[in-house]
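So that we are looking at the same thing, I have put the structure below in structure tokens.
Atoms within a ligand are numbered from 1 in the order they appear, just like the ligands themselves.
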Amino acid sequence: MTCIFCEIVKKNIPSQIVYETDQVLAFKDIAPVAPVHIVVIPKKHLKSVMEFDPEEGMLTVLLMRAIREIASAQQLPENGFRVVTNVGSHGGQSVHHVHFHILGGRPMTWPPG
Ligand code: 5GP
Ligand code: ZN
């Protein structure tokens, strides 16, 4: 089955890329739910955080570095922001290629729905 995010990595589907390295890609969400809504993914297809085995240790660090750098570039740290990863059906995951949402630019509510 075709993975939308793998297609975005291959540039077969256009996206508004805000960050790219050998292993990590980040792009604007197509249906933003906040003034800043960026999706951060590993280029490698992993289904969810449940597949971050110890051998993915460096990839995990690189994803967190991307989140930090993107948040700073978007001027989010001063007021704060949210990082979310949805897992499976109860988690509300609709794309089964692990991703972290960076949400910012407005106050977030808690708990999420
Ligand atoms: P999930 O619901 O799996 O946590 O998040 C998937 C996210 O991917 C959603 O926020 C959705 O709007 C976004 N998305 C789905 N398809 C595309 C696409 O083709 N391009 C972009 N930029 N975002 C997408
Ligand atoms: Zn994929």
field: Heavy atom of the protein closest to atom 1 (P) of ligand 1 (residue, atom name, distance)
entry: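 Residue, atom and distance for the closest contact: His99 NE2, 3.1 Å.
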For the Zn ion (ligand 2), the closest N/O/S atom belonging to His45: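 This turns out to be ND1.
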task: Taking only heavy atoms of His101 into account, list the atoms of ligand 1 that are under 4.0 Å away from them.
output: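 Matching atoms, with element in brackets: 1 (P), 4 (O), 5 (O), 7 (C), 10 (O).
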- prompt: What about Met108 and Val83, same hydrophobic cluster or not, with Ile/Leu/Val/Met/Phe/Trp/Tyr joined at side-chain heavy-atom distances under 4.5 Å?
  reply: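 Shared cluster, no.
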His97: its N/O/S atom lying closest to the Zn ion (ligand 2) (atom name):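 Nearest N/O/S atom: ND1.
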message: In the structure I gave you, are the side-chain heavy atoms of Ile102 and Phe81 within less than 4.5 Å of one another anywhere?
response: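 Of all side-chain heavy-atom pairs linking Phe81 with Ile102, at least one is under 4.5 Å.
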- request: Of all the heavy-atom pairs spanning Leu59 and Pro42, show the shortest one and how long it is.
  value: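 Minimum heavy-atom contact is CD2-CB, 3.8 Å.
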message: Return the closest protein heavy atom for atom 19 (O) of ligand 1 as residue, atom name and distance.
response: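 In this structure, atom 19 (O) of ligand 1 has Ile4 CG2, 3.6 Å as its nearest protein heavy atom.
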task: Report the nearest protein non-hydrogen atom to atom 8 (O) of ligand 1: residue, atom name, distance rounded to 0.1 Å.
output: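 Ranking protein heavy atoms by distance from atom 8 (O) of ligand 1, first comes Phe5 CZ, 3.4 Å.
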- request: Evaluate the side-chain proximity of Glu20 to Phe27: yes if any heavy-atom separation is below 4.5 Å, no if none is.
  value: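 Counting from C-beta outward, Phe27 and Glu20 never come under 4.5 Å.
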- request: Mark yes when over 12 heavy atoms from residues, nucleotides or ligands other than Glu55 sit less than 6.0 Å from its CD; otherwise mark no.
  value: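 It does: Glu55 CD has more than 12 such atoms within range.
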field: Shortest non-hydrogen separation from Glu51 to Leu46 and the atoms involved
entry: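 Heavy atoms only, the tightest pair is OE1-CA, 3.4 Å.
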- prompt: Does Gln16 come within less than 4.0 Å of ligand 1, judged by its heavy atoms?
  reply: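 The answer is no, since Gln16 has no heavy atom less than 4.0 Å from ligand 1.
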message: Counting only heavy atoms not in Arg65 (residues, nucleotides, ligands), do more than 12 fall under 6.0 Å from its CZ?
response: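 Not more than 12 within 6.0 Å, no.
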message: Taking distance alone, with N or O pairs closer than 3.5 Å, would you say Val95 contacts ligand 1?
response: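 Min N/O separation from ligand 1 is below 3.5 Å for Val95.
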Ile30, any N or O under 3.5 Å of ligand 1 N or O: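 Looking only at distances, the answer is yes, because the N/O contact criterion of under 3.5 Å is met.
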message: Suppose I only count heavy atoms of Ala31 and a 4.0 Å limit; which atoms of ligand 1 are within that range?
response: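 Reading through ligand 1 atom by atom, the close ones are 12 (O).
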query: So which bit of Phe100 gets within less than 4.0 Å of ligand 1, heavy atoms only: side chain, backbone, both or neither?
result: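 For Phe100, there is no contact with ligand 1 at all, from either part.
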query: Nearest non-hydrogen atom to atom 10 (O) of ligand 1 belongs to which of Val87, Ile8, Asp29?
result: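 Among Val87, Ile8, Asp29, the closest heavy atom to atom 10 (O) of ligand 1 belongs to Asp29.
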query: Which ligand 1 atoms are under 4.0 Å away from a heavy-atom of Phe27?
result: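 Those atoms are 21 (C), 22 (N).
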Top protein contact for atom 3 (O) of ligand 1, by heavy-atom distance: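 The answer is Ser94 N, 2.7 Å.
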message: Taking Val33 as the starting point, is it possible to reach Ile38 by hopping between hydrophobic residues whose side chains are less than 4.5 Å apart?
response: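 Shared cluster, no.
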field: From the candidates His96, Lys28, Gln93, the one that places a heavy atom nearest atom 22 (N) of ligand 1
entry: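 Among His96, Lys28, Gln93, the closest heavy atom to atom 22 (N) of ligand 1 belongs to Lys28.
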field: Ring centroid separation His97 to His99 under 6.0 Å
entry: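 No, they do not, as the ring centres are separated by 6.0 Å or more.
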query: Would you find more than 12 non-hydrogen atoms of other residues, nucleotides or ligands less than 6.0 Å from Asp22 atom CG?
result: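 At most 12 heavy atoms, drawn from other residues, nucleotides or ligands, come within 6.0 Å of this atom.
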